[in-house]
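Notes follow once the structure below has been shown.
Only a predicted model underlies this, so the values are computations on that prediction, with no experimental measurement involved.
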Amino acid sequence: MSHPHSRQHPVRDRLHVRAADRHARAAARRWRHDGSEPRWARSDLPARRLLAGVYAPLLALGAAAFALLAAQGPHADRSINIAVAALCAVCAVAAVVDLFVIRRRMAEQRRWRR
């Protein structure tokens, strides 16, 4: 008697093929030219990488500085300093995530020779 998982499952196999095909079509759509883009358009990824690379450490430093002010400063300003530290930390995390997204998209551009 064969194992139940050793058989091929036709519905599940079709779903996997459809998902792979959907991902390939989405990737092709990303790089399709429809004529509406500027003739000499350039990617904004290097500028985004520069901005995220500069601001991620500055925002992390700001978060640390405001957290330190909240811990050592006057009690009246504590909640404001905590809020600003949290906002800086969230923005720093967003900049770091953007750096990872930029790295993936630049690798994708190299792969597609764009």
Side-chain angles (χ1 to χ4, degrees):
M1 182 170 199
S2 69
H3 193 268
H5 295 293
S6 65
R7 295 182 309 178
Q8 290 188 354
H9 196 280
V11 174
R12 193 174 349 161
D13 291 341
R14 269 188 278 146
L15 290 176
H16 286 296
V17 169
R18 282 187 199 157
D21 195 35
R22 187 172 54 247
H23 293 298
R25 282 193 312 267
R29 261 193 313 272
R30 169 177 270 189
W31 300 112
R32 186 180 312 149
H33 295 284
D34 62 358
S36 66
E37 64 273 350
R39 184 177 176 128
W40 303 108
R42 299 187 63 177
S43 173
D44 67 337
L45 293 177
R48 278 178 56 192
R49 183 176 58 185
L50 175 69
L51 288 172
V54 167
Y55 282 105
L58 288 177
L59 289 165
L61 186 64
F66 280 107
L68 187 64
L69 279 174
Q72 295 178 352
H75 183 67
D77 295 336
R78 186 167 291 154
S79 61
I80 293 172
N81 287 335
I82 290 172
V84 174
L87 181 65
C88 286
V90 167
C91 290
V93 168
V96 169
V97 168
D98 195 35
L99 283 171
F100 282 110
V101 170
I102 291 167
R103 187 176 79 184
R104 184 182 58 87
R105 287 192 180 167
M106 288 181 99
E108 191 176 73
Q109 282 182 348
R110 282 190 299 274
R111 191 170 45 251
W112 285 83
R113 293 173 181 80
R114 297 264 173 203

Which donor-acceptor pairs under 3.5 Å do side chains of residues 48-65 form with protein atoms, sequence neighbours excluded?
unit_1 : atom_1 : unit_2 : atom_2 : d
R48    : NH2    : D98    : OD1    : 2.3

- [ ] Nearest 0.5 Å please: distance from the CZ atom of R104 over to the CZ atom of R111.
- [x] 9.0 Å
Task: E108 CD to L45 CG distance, which is reported to the nearest 0.5 Å - done: 10.0 Å
TODO: Quick one: name the residues clustered hydrophobically with V96, using the 4.5 Å side-chain heavy-atom rule over I, L, V, M, F, W, Y, and just say none if it's on its own.
DONE: F100
Residues 74-94 side chain polar contacts: donor-acceptor under 3.5 Å, at least two apart:
unit_1 : atom_1 : unit_2 : atom_2 : d
H75    : ND1    : R78    : NH1    : 3.2
R78    : NE     : A70    : O      : 2.8
N81    : ND2    : D77    : O      : 3.4

